[in-house]
Amino acid sequence: MKFESLRISGLRCLDGVAVTPAAGINVFVGPNGAGKTSVLEAAYLLSHGRSFRAGSRDVLLKRGAGSLSVYAEVRKADGSLRRLGLGREGGRWQARVDGDPTASLGALVQECAVVCFEPGSHDLIAGSSDERRRYLDWGMFHVEHGFVGQWRRYQRALKQRNTLLRQGGYPDPSLLEPWEMELAAAGESITTYRRDYLSRVVPHIQGFMGNVLPELGAFSLRYRPGWDESSDLAATLVERRQRDLSRGHTTVGPHRADFSVAFEHAPLREHLSRGQEKLCALACLLGQASLHAELRGEWPVVCLDDLASELDRTHQEWVVGQLLGRDVQVFVTGTEVPSALVGQPVALFHVEHGLVGPG
Ligand SMILES: Nc1ncnc2c1ncn2[C@@H]1O[C@H](COP(=O)(O)OP(=O)(O)O)[C@@H](O)[C@H]1O
Ligand SMILES: [Mg+2]
C-alpha cells in the first residue's frame with residue numbers, strides 16, 4: 001500500500017499539515033525538534049493504533065489542543081483507494097474507514113500497514129517481552145484473519161478470570177472453570193497461529209540477516225508460549241490457581257509468551273552489541289514486511305527514522321539498495337539527505353517548526 005495523502009492536525013507540533021508523498025522514497029529533512037519523527041508517528045498511528053515512541057496514545061495530542069486527527073488516502077495494490085482516519089475529539093478516539101465513523105480501531109489497523117525502524121527499535125531484541133508479542137501480533141493481525149477472533153476471545157476470558165482472582169477469597173471453581181476452558185482453547189489456538197507465523201517469517205528474516213550480520217553465522221529464533229508445555233494450558237491454569245490468586249492475575253498463557261533470538265556465534269542476546277541489536281531488529285522488521293508482501297501482494301510502507309544516525313554508511317547503503325529495487329513506499333527522516341540517498345530519485349520534504357513543505 002502507498003499513502004497518496006496524509007493530513008495531520010493536533011499531533012505533537014504538527015497542525016494543519018498536508019503531505020502528498022511520492023510512490024517511492026520520500027525524505028523528510030529538517031533540524032532537531034522540527035517534527036520529522038512526528039510525521040512518521042502519524043503514519044504509524046493508522047497502522048498500529050499507537051505510536052512507536054513510549055507513552056500512551058494521548059501524549060501525541062498537541063499541548064493545549066482539544067483534538068487530534070490523522071487522515072490518509074491509501075492506494076492498494078489492486079488499484080482501490082481507501083480513506084482512513086484516526087482522531088481524538090472530546091477525549092474519545094475514533095477510527096474511520098471510507099467515511100464510516102463507526103469503524104473499529106481493529107478494522108482501521110487491518111487496512112493500513114506501516115513498519116518503522118527507529119532509534120528505539122533495538123527494544124525488539126533487548127526490551128521487554130511486550131515488544132516482541134506486539135511484533136508477532138501485528139504481523140498476524142495483517143495476514144491471518146482467524147487470529148483476531150481468537151485474540152479477542154482470549155482477552156475477554158483473561159479479564160474475567162483476573163476479575164475473579166481479585167474478588168478476595170478463593171473463587172468458586174465452578175465460576176473459574178468456564179473461563180479457564182475459554183482461555184485454554186483460545187490460548188492454544190493463538191499459540192498455533194504464532195508458531196505458524198514464525199515458521200513463515202523466519203526464512204524472510206534469515207534472508208536479510210545473512211546480509212546485515214554475516215559475521216554472526218546462522219540465525220535462529222525460539223518461541224516460548226507462556227507456559228511450560230509439558231502439560232497443556234487447561235491443566236496448567238488449574239494447577240496455577242493458588243499462585244495466581246496470590247498474585248492477583250493470571251501468570252501463564254500466551255499473554256506471557258516471548259521469543260529469543262540466537263546466532264551460531266552469539267547464542268545469547270547478551271552477546272550482541274547495541275549496534276548488532278539494531279541490525280537484528282532491522283532484519284526482523286524487513287523480514288516481517290517481506291512476508292507481508294508475499295502474502296498480501298504488496299509491501300507495507302517502510303519508515304526509517306533518523307537513518308543516518310542509526311546505521312553506519314555500509315548498512316545505510318545496503319538498506320537503501322534493498323528498498324530501491326522493490327515496489328515499496330519509503331519515508332526516511334534526517335537532518336540532511338542521508339549520503340546513501342544522494343543522487344537517488346527521491347521526493348524531498350523540508351520540515352521546520354512543525355510545517356512540512358517541498359524540499
Ligand atoms: N504533545 C506535544 N505537544 C506539542 N509539542 C510536542 C508534543 N510532544 C512533542 N512535542 C514537540 O514536537 C517537536 C517535534 O518533535 P519530533 O517530531 O521528535 O522532531 P524531530 O524528529 O524533527 O527531531 C519537538 O520540538 C517536541 O518538543
Ligand atoms: Mg526525530
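Just so you know, ligand 1 is whichever comes first in the structure, and atom 1 is the first atom listed for that ligand.
A donor-acceptor contact shorter than 3.5 Å links the side chain of R57 to the backbone of G49. Proximity of a side-chain donor or acceptor of S47 to a complementary backbone N or O of A43 within less than 3.5 Å is not detected. Put simply, the side chain of E111 never gets that close to the backbone of L84: no donor and acceptor are under 3.5 Å apart. S129 places no side-chain N or O within donor-acceptor distance of the main-chain N or O of D258, the cut-off being under 3.5 Å. Put simply, the side chain of R132 gets close to the backbone of F259: a donor and an acceptor are under 3.5 Å apart. The backbone N or O of W151 sits nowhere less than 3.5 Å from a side-chain atom of Y193 that would complete a donor-acceptor pair.
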**Asked** Is there a side chain to side chain donor-acceptor pair (under 3.5 Å) between D244 and T251 once you walk through the steps?
**Response** CA-CA 6 Å; D244 287 357; T251 58; 2.5 Å; yes
**Request:** Report the C-alpha distance between T250 and R161 in whole Å, list the side-chain angles of each, state the deciding distance to 0.1 Å, and finish with yes or no for side chain to side chain donor-acceptor pair (under 3.5 Å).
**Result:** CA-CA 7 Å; T250 303; R161 185 175 189 267; 2.9 Å; yes
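The distance cut-off of 2.8 Å around the Mg ion (ligand 2) captures these protein N, O or S atoms, sorted by chain and number: T37 OG1.
Taking the charged nitrogens against the carboxylate oxygens, R200 and D196 do have a contact shorter than 4.0 Å, which makes a salt bridge.
Around ligand 1 you find R12, C13, P31, N32, G33, A34, G35, K36, T37, S38, R53, V59, L61, K62, R63, each with a heavy-atom distance below 4.0 Å.
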